[in-house]
Amino acid sequence: MIFRRVNMSKLYLYIVFELIFLVITAHSCGIPSEFWCDSVETSRLCNVEKQCQTFVWNKKDAVEPVNFTLYYESLCPDCRDFFQSQLIPTYAKIGDIINLQLVPYGNAMERQQGDKWIFECQHGKQECIGNLIETCTIALLKDVKDYFPFIACMEEGSEHPAKAASKCSTRLRLDISGIMKCSNSSQGNELEHQMALKTDTLQPSHQYVPWITLNGVHTESLQKQAEDNLLKLICDAYRGTKPGACNTNNKNRRNCRRYELFENQL
């Protein structure tokens with residue numbers, strides 16, 4: 001009995017010291033505690049990988065998909081390159097383990113004029129049109145499995161957005177009359193304003209596009225991994241049984257320069 005009490009005392013002290021160590025070391029990473037175990041990258045940054053493995057990842061009954069958000073603009077060459085070399089092939093292979101969100105706004109700026117918003121886009125008026133079409137597509141089709149093929153098709157082409165939308169609708173047999181009507185309406189204007197709010201409230205603030213978050217977190221390391229091999233990044237972050245496609249190679253290092261925030265355009 002005495003032996004068991006001694007062991008229990010040692011176990012208690014071990015847990016106390018583990019918790020103290022966890023609080024001290026993790027506090028310095030600058031990421032809120034609710035995100036510490038969202039990915040291997042974040043857990044390592046906060047020095048809590050072992051604790052996440054023991055107390056969180058091994059305890060989950062249902063494994064949730066990886067939250068991946070792409071902030072972009074419709075005519076940015078680097079954004080299109082990311083779609084074509086990383087996002088489209090990765091989503092085709094392991095889309096079932098990704099909770100994908102697209103935010104088409106990027107480096108645009110907005111100002112209110114009366115009861116509507118005026119948008120100024122980095123690559124001109126046509127980019128604003130493309131952003132609106134893709135925003136309305138997301139809002140009206142709702143399910144990413146429905147809207148992603150259409151947006152991916154638009155981002156693969158080189159035509160102006162309206163022409164690309166028409167071409168892609170024919171290819172996918174999709175009626176886009178409602179989408180085009182939305183993109184020229186007050187509804188579309190307000191929807192794009194919501195995309196602006198999502199982009200402008202990012203922490204840390206975005207400095208270029210494409211800009212990604214993994215489970216709500218952005219770091220330069222995560223950004224680089226996404227640009228180099230998005231498939232591996234998602235597979236590493238997924239806590240469930242890995243799909244077979246995770247064993248394939250999808251590395252495509254980008255060489256295009258990033259598009260910095262443009263200034264003094266308004």
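- For the atom pair CD1 of Ile234 and CG of Asn67, the computed distance is 9.5 Å after rounding to the nearest 0.5 Å.
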From CA spacing to verdict: side-chain contact (heavy atoms from CB on, under 4.5 Å), Phe148, Ile88
CA-CA 9 Å; Phe148 183 71; Ile88 293 173; 4.1 Å; yes
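- Cluster annotation: Ile118 is not connected to Leu197 through the hydrophobic network of ILVMFWY side chains, with a link wherever side-chain heavy atoms come within less than 4.5 Å.
- Heavy-atom minimum distance, Thr199 versus Gly106: CG2-O, 3.7 Å.
- Here the closest non-hydrogen pair linking Glu73 and Glu127 is CG-OE2, 3.4 Å.
- Counting all heavy atoms, side chain and backbone alike, Met154 lies closest to Pro161 at CE-O, 3.6 Å.
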Does the pair Glu64 and Ile97 meet the rule for a side-chain contact (heavy atoms from CB on, under 4.5 Å), with working shown?
CA-CA 8 Å; Glu64 296 181 354; Ile97 67 169; over 6 Å; no
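- Looking at Ser186 and Lys116, their side chains never come closer than 4.5 Å, going by heavy atoms from C-beta outward.
- A donor and an acceptor atom, one from each side chain of Glu134 and Tyr72, are located under 3.5 Å apart.
- Minimum interatomic distance between Cys128 and Phe119 (heavy atoms only, all atoms of both residues): SG-O, 3.7 Å.
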Stepwise side-chain contact (heavy atoms from CB on, under 4.5 Å) test for Glu192 and Asn131:
CA-CA 8 Å; Glu192 187 62 13; Asn131 290 347; 3.5 Å; yes
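- Between the CE atom of Met180 and the CD1 atom of Ile129 there is a distance of 8.5 Å, given to the nearest 0.5 Å.
- Atom CG of Leu174 is separated from atom SG of Cys153 by 10.0 Å, given to the nearest 0.5 angstrom.
- Both Leu172 and Ile138 are members of a single hydrophobic cluster when ILVMFWY side chains are connected at heavy-atom separations under 4.5 Å.
- Placement of Leu75 and Leu87 in two distinct hydrophobic clusters is found when ILVMFWY residues are connected by side-chain heavy-atom separations under 4.5 Å, directly or transitively.
- Minimum interatomic distance between Cys136 and Ser183 (heavy atoms only, all atoms of both residues): SG-N, 3.4 Å.
- Residues meeting the ring-ring contact (aromatic ring centres under 6.0 Å, His included) test with Tyr105, sequence neighbours left out: none.
- The OG atom of Ser169 sits 8.0 Å away from atom CG of Asp175, with the distance rounded to the nearest 0.5 Å.
- Residue Lys198 holds its NZ atom at 7.5 Å from OH of Tyr71, rounded to the nearest 0.5 Å.
- For the residue pair Asp200 and His206, no side-chain donor N or O sits within less than 3.5 Å of a side-chain acceptor on the partner.
- With no hydrogens or angles considered, a side-chain donor-acceptor pair links Ser221 and Gln225 at under 3.5 Å.
- Remark: Gln187 engages Leu140, Cys182, Ser185, Leu191 in a side chain to side chain contact (heavy atoms under 4.5 Å, CB included) (not counting sequence neighbours).
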Applying salt bridge (Lys or Arg N to Asp or Glu O under 4.0 Å) to Asp228 and Lys224, what does each step give before you reach the verdict?
CA-CA 6 Å; Asp228 284 353; Lys224 183 178 183 301; 2.9 Å; yes
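- Closest approach of Pro210 to Phe82, counting heavy atoms only: CG-CB, 4.0 Å.
- Within the 4.5 Å cutoff, side-chain heavy atoms of Tyr147 are placed close to those of Leu102.
- No side-chain heavy atom of Leu70 sits under 4.5 Å from any side-chain heavy atom of Val209.
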